[in-house]
Trainee: 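Sharing a structure below in structure tokens format, with a few things to ask.
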Amino acid sequence: MLKSKTFVKKTRSGGIMKIVREHYLRDDIWCGSEVCTECKQEESVLQKDACIESNLCSFPHYLLPDTNVVLSQVRYCGIMSNVNQCMVVLFCSRETYIEREQGESANDRNDRAIRISTKWYSDHLNNKGLKVVLLTNDRGNKEKAEEAGLLTYRCEEYVKSLIANPELVDRLALTNDDKNEITSSKVLFSEHLPLSRIQSGIKSGTFQQGTFRASRDNYLEATVFVHGEGDDSTEVLIQGLQNLNRAVHQDLVAVEILPLNQWVAPSSVVLQDEGPKEDDVTEEEEAELKSGLSGVASRKPTGRVVGIIKRNWRPFCGMLFLSQIKEATRHLFTPADRRIPRIRIETRQAATLAGQRIMVAIDGWPKHSRYPNGHFVRSLGSAGDKETETEVLLLEHDVPHQDFSQAVLSFLPKMPWNITEEDMAVREDLRNLTVCSVDPPGCTDIDDALHCRDLPNGNQEVGVHIADVSHFIRPGNAMDLEAANRGTTVYLTGRRIDMVPELLSSNLCSLRSSVERLAFSCIWEINDKAEIVQTRFTKSVINSKASLTYAEAQMRIDDANMNDDTTKSLRGLNRLAKILKKRRIEKGALTLSSPEVRFHIDSETHDPIDLQTKELKETNSMVEEFMLLANISVAQKIYDEFSECALLRKHPAPPPSNYDILNKAAKSKDLVIHTDSAKALADSLDAAQVDGFPYFNTLLRILATRCMMQAVYFCSGMDSDFHHYGLASPIYTHFTSPIRRYSDIIVHRLLAVAIGADSTYPDLMDKHKQSALCNNLNYRHKMAQYAQRASVAFHTQLFFKSRGILNEEGFILFVRKNAIIVLIPKFGLEGTVFFQNKDKPSPKLIFNEEVPSLTVEGHSFNMFDKVKVTISLDASNVQHQKIRMSLVEPVISGVSVAPSEPEAKRAKLDR
């Protein structure tokens with residue numbers, strides 16, 4: 001049945017446009033109930049025995065929720081024994097379709113439609129022993145439904161009636177009435193402006209819009225990243241609870257820039273919300289914030305949040321902070337992420353949830369409340385448990401880690417799998433070459449292998465052979481879509497979250513030794529000066545002769561008694577790699593430093609039993625050089641062929657202000673760092689030496705690393721700046737790790753099309769879709785890095801948990817107004833030494849922002865000063881366990897602590 005409505009509309013140019021809107025109404029939509037004998041339905045999804053134990057509805061019944069209940073209370077499906085039997089239908093049928101009446105709002109029309117649908121369903125199932133219950137939280141809709149004789153309840157009213165599922169009450173999102181009940185009458189925050197005011201303000205330039213980023217170190221401070229035209233962007237500083245105005249980390253907000261005389265500098269104090277506050281902003285808090293404000297020279301554009309454009313709320317992991325009031329049902333939830341404010345929730349199972357990691361969702365943040373209101377979602381397990389904590393860090397960093405679905409697994413090759421004659425016919429047979437792989441210990445997802453051999457003309461042939469993952473993952477299928485969403489493999493301590501199923505990652509795609517594997521090869525002819533004579537790319541079949549660790553490969557190179565083909569290949573690769581690296585550095589490539597740690601894990605308990613910084617060997621650099629060379633070669637090839645849709649990777653040059661801290665650190669040692677180009681920076685770092693302080697240069701490079709921008713993927717047709725600052729390369733991409741990076745799979749597909757080895761498909765040539773894909777890949781890579789750091793931090797805590805208090809030497813990396821941040825080289829560990837303690841009088845502190853330096857009771861602390869500290873695990877806050885450092889040396893009366901017991905005994909023996 002077709003219904004149409006015709007009307008005319010005046011266009012901007014003054015013309016008249018006729019508009020026809022058609023509604024196709026169906027009479028073949030079946031009701032889905034097992035009890036129905038009238039509908040010709042293919043299958044039933046609503047069971048006939050629809051019995052749920054309820055004080056309100058003791059009879060079999062179906063639930064029909066209105067739109068608002070579906071949107072805000074979607075968790076109500078938890079009351080079903082099988083969620084697949086929960087069916088929500090928006091009818092487009094002849095019996096239930098209604099026109100919007102004159103003067104009727106869209107919302108009122110929708111409410112009327114749901115009542116009509118409820119009545120139709122009730123009449124349709126009449127005399128079948130089943131009733132239909134309308135769930136609505138709208139008072140007016142409920143009254144009209146009751147007037148029409150319909151059975152209707154508020155969602156909360158119905159859920160509270162469920163006898164067998166009392167815990168579901170905690171999962172209800174708060175309604176507006178509930179939100180008003182649990183807040184005070186005192187207004188703490190300004191009203192958020194309506195979206196219409198915000199839009200007009202942005203258009204006129206009165207307001208700016210940007211992403212709200214809360215500070216990890218100071219809960220009363222945030223920045224709003226305002227995107228401008230091209231690369232022009234601004235960071236607006238927000239300070240103080242009222243100016244933050246209920247924005248939550250990653251919200252899209254509107255800000256008003258304050259007058260110039262109200263601009264301030266970022267606070268240099270470390271300020272954390274240590275406990276629940278009253279619904280008020282205390283003078284003490286504001287005083288603490290102002291005490292850390294820096295000088296006039298460091299002022300930044302400062303503003304206040306005037307409205308929220310888009311909330312970016314998600315369920316947050318954390319723990320419950322129980323109310324001190326006996327039998328209270330309202331408690332504060334403390335998120336694991338310090339950038340998220342505490343959330344006030346109502347629960348009747350607080351005693352059970354104490355000590356558990358739970359998930360909570362925010363429902364709203366009234367202007368009368370210090371904290372947002374929310375509701376309990378689910379429990380994750382006991383705090384401190386390794387499985388629970390790993391689940392928390394994966395959820396908090398949005399890492400997809402569910403098992404691969406059957407739809408994904410259905411696209412795996414059937415086993416046993418073998419290379420076919422058809423495969424060999426379209427590939428180059430390189431099985432005779434002495435190919436080997438060099439990887440970290442325990443690596444099973446081997447992406448890359450290499451070979452080097454002498455040519456008759458005196459040159460050498462070098463090959464980088466990469467797993468041909470794109471042969472197994474075809475565009476657009478379920479496995480491809482899943483890999484594109486995951487974006488990257490995530491390596492946690494003792495656990496790997498694969499981007500592709502294990503059959504591919506650790507078996508069929510992994511270039512293990514002594515098995516034939518499909519590869520995509522980049523092969524160069526290189527002369528004795530490591531200059532490329534020619535390059536070619538080919539799909540191939542290889543048979544690796546050895547799977548080596550970096551240490552094993554290094555021992556082969558160093559052992560003069562070993563002269564087999566694999567060892568000769570490694571020596572040739574190593575010699576050329578040294579020349580390539582020297583040339584790269586001469587062109588301005590940066591050699592930076594970042595302390596990385598390796599855990600030795602107990603095979604039975606899976607607890608860390610040793611912690612040490614990773615030692616890099618020549619073979620690490622050897623592999624890296626040829627991976628870089630392959631990535632650059634492939635980048636140039638795919639850009640030459642597809643200038644509009646090549647997937648490339650760039651590293652933007654940092655803005656000059658990023659180097660402020662590096663320049664101050666060098667100046668403190670009477671050195672000058674030139675930062676006008678990557679080459680100038682590289683040369684300055686090479687020359688930066690301090691007599692008697694060999695670790696100084698490493699510290700400076702660690703600091704320089706912190707000044708860098710994030711490298712990002714981009715589509716060549718959507719950008720004009722391709723330069724990779726850190727590598728000093730005009731063009732770059734990722735080709736060498738397709739098992740663990742989806743970007744490399746796309747690059748493989750582009751290269752395959754470029755050399756005629758595969759056919760293209762529409763999305764591959766669509767620069768807008770490529771750009772959207774790059775955005776997801778950048779996000780996933782960033783989250784993977786954060787998750788990996790969080791995993792290292794957790795296992796570091798486990799390591800120190802069983803070791804009591806240790807004494808170690810370290811160096812000051814940063815100086816704050818009330819603390820110093822210390823690096824312990826032995827463990828690659830950073831920690832904060834606080835000089836203010838609420839339990840004892842504070843020492844006299846003088847902070848000099850320009851140096852920067854901190855004087856504590858007359859003793860001055862500068863960046864890179866050597867100190868001795870105690871290291872221990874502070875487990876007093878189960879939610880935020882942390883490594884605690886206390887100063888041992890230099891000895892400052894009332895500030896320093898005595899060394900831990902074993903060292904104190906050794907000191908006595910030495911005397």
Side-chain angles (χ1 to χ4, degrees), residues 400-424 426-427 429-431 433 435-451 463-475 477-492 494-521 539-550 552 603 623 627 734-749 752 758 784:
H401 59 287
Q402 67 280 5
D403 291 339
F404 288 102
S405 68
Q406 284 303 312
V408 170
L409 298 176
S410 69
F411 286 96
L412 288 171
K414 301 294 181 284
M415 297 300 286
W417 174 85
N418 291 295
I419 297 173
T420 65
E421 291 183 9
E422 289 80 6
D423 293 327
M424 295 300 300
V426 295
R427 291 173 180 270
D429 188 350
L430 303 179
R431 291 174 294 180
L433 294 180
V435 172
C436 69
S437 62
V438 185
D439 291 283
C443 180
T444 60
D445 52 343
I446 303 173
D447 287 285
D448 55 270
L450 305 103
H451 87 271
V464 166
H465 311 278
I466 306 300
D468 191 3
V469 181
S470 63
H471 172 84
F472 297 94
I473 301 180
R474 302 307 297 166
N477 69 24
M479 187 152 55
D480 182 48
L481 296 175
E482 180 67 20
N485 177 47
R486 294 189 178 212
T488 180
T489 293
V490 181
Y491 295 91
L492 307 180
R495 182 178 173 187
R496 188 180 79 203
I497 314 295
D498 281 325
M499 182 184 78
V500 299
E502 190 176 19
L503 179 64
L504 297 184
S505 65
S506 295
N507 188 351
L508 302 184
C509 292
S510 184
L511 304 183
R512 301 183 300 182
S513 59
S514 304
V515 290
E516 295 179 357
R517 288 290 179 257
L518 303 180
F520 208 153
S521 301
K539 293 264 187 163
S540 62
V541 180
I542 65 168
N543 189 321
S544 174
K545 303 303 184 282
S547 298
L548 305 172
T549 66
Y550 291 115
E552 289 168 345
S603 59
V623 173
M627 296 305 113
H734 272 162
F735 164 75
T736 54
S737 295
I739 293 176
R740 61 184 178 90
R741 291 190 305 234
Y742 187 76
S743 55
D744 304 50
I745 293 178
I746 295 295
V747 169
H748 276 227
R749 290 173 180 169
D758 205 345

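Here the structure is a predicted model, which means the values were calculated and not measured.
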Trainee: I want to check something: taking the side chain as every heavy atom from C-beta on, are V541 and H465 in contact at a cut-off of under 4.5 Å?
Mentor: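 No, too far: nothing below the 4.5 Å cut-off.
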
Trainee: How far apart are the closest heavy atoms of S544 and R512, and which atoms are they?
Mentor: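 Closest approach of S544 to R512, heavy atoms only: CB-O, 3.7 Å.
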
Trainee: Would D744 and R749 count as a salt bridge (Lys or Arg N to Asp or Glu O under 4.0 Å) if you check the C-alpha gap in whole Å, the side-chain angles of each, and the deciding distance to 0.1 Å?
Mentor: CA-CA 9 Å; D744 304 50; R749 290 173 180 169; over 6 Å; no

Trainee: Check the pair R740, D447 against salt bridge (Lys or Arg N to Asp or Glu O under 4.0 Å), reporting the backbone distance first and the verdict last.
Mentor: CA-CA 8 Å; R740 61 184 178 90; D447 287 285; 3.8 Å; yes

Trainee: Which atoms form the tightest heavy-atom contact between P413 and W417, and what is the distance?
Mentor: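 Looking at all heavy atoms of both residues, the shortest contact is CB-CD1, 3.9 Å.
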
Trainee: Might you point out which heavy atoms bring L511 and A449 nearest each other, and give the distance in Å?
Mentor: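 Shortest heavy-atom separation between L511 and A449 comes out as CD1-N, 3.9 Å.
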
Trainee: With a 4.5 Å cut-off on side-chain heavy atoms, are M415 and L503 touching?
Mentor: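 In short, these two side chains touch, coming nearer than 4.5 Å.
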
Trainee: Any side-chain heavy-atom pair from S437 and L548 closer than 4.5 angstrom?
Mentor: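 No, their side chains stay 4.5 Å or more apart.
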
Trainee: With no hydrogens and no angle check, just 3.5 Å: does a side-chain donor-acceptor pair link N485 and Y742?
Mentor: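 Not at all, the side chains of N485 and Y742 share no donor-acceptor pair under 3.5 Å.
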
Trainee: Looking at every heavy atom in both P738 and A467, which two are closest together, and how far apart are they?
Mentor: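 Nearest heavy atoms, P738 then A467: CG-O, 3.2 Å.
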
Trainee: When you compare the side chains of R431 and S540, does any donor N or O come within less than 3.5 Å of an acceptor on the partner?
Mentor: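 No - no donor-acceptor pair under 3.5 Å links their side chains.
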
Trainee: Could you check whether any side-chain heavy atom of R496 comes within less than 4.5 Å of a side-chain heavy atom of D445, counting everything from C-beta outward?
Mentor: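 Answer yes - side chains close enough.
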
Trainee: Might you point out which heavy atoms bring M499 and I739 nearest each other, and give the distance in Å?
Mentor: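 What the structure gives for the nearest pair is CE-O, 3.6 Å.
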
Trainee: Tell me, do L518 and K539 make a side-chain contact under 4.5 Å, heavy atoms counted?
Mentor: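 SC-SC contact between L518 and K539 ruled out.
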
Trainee: So do M479 and P501 actually touch side chain to side chain, heavy atoms under 4.5 Å?
Mentor: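 Result yes, sub-4.5 Å side-chain heavy-atom pair found.
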
Trainee: Please indicate whether Q402 has more than 12 foreign heavy atoms, meaning atoms of other residues, nucleotides or ligands, lying under 6.0 Å from its CD.
Mentor: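 Atom CD in Q402 is crowded, with more than 12 foreign heavy atoms closer than 6.0 Å.
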
Trainee: Does E552 have more than 12 heavy atoms from other residues, nucleotides or ligands lying within 6.0 Å of its CD?
Mentor: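 Enclosed: over 12 neighbouring heavy atoms sit under 6.0 Å from CD of E552.
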
Trainee: Quick one, I473 and V500 - any side-chain contact, counting heavy atoms below 4.5 Å?
Mentor: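 With C-beta onward as the side chain, the pair touches.
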
Trainee: Establish, for the pair R486 and F404, whether the NZ or CZ atom is under 6.0 angstrom from the six-membered ring centre and no further than 45 degrees off its axis.
Mentor: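 Ring-cation test returns yes.
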
Trainee: Considering all heavy atoms of both residues, which atom of F472 and which atom of D468 are nearest to each other, and what is their separation?
Mentor: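 F472 and D468 have their closest heavy atoms at CD1-O, 3.6 Å.
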
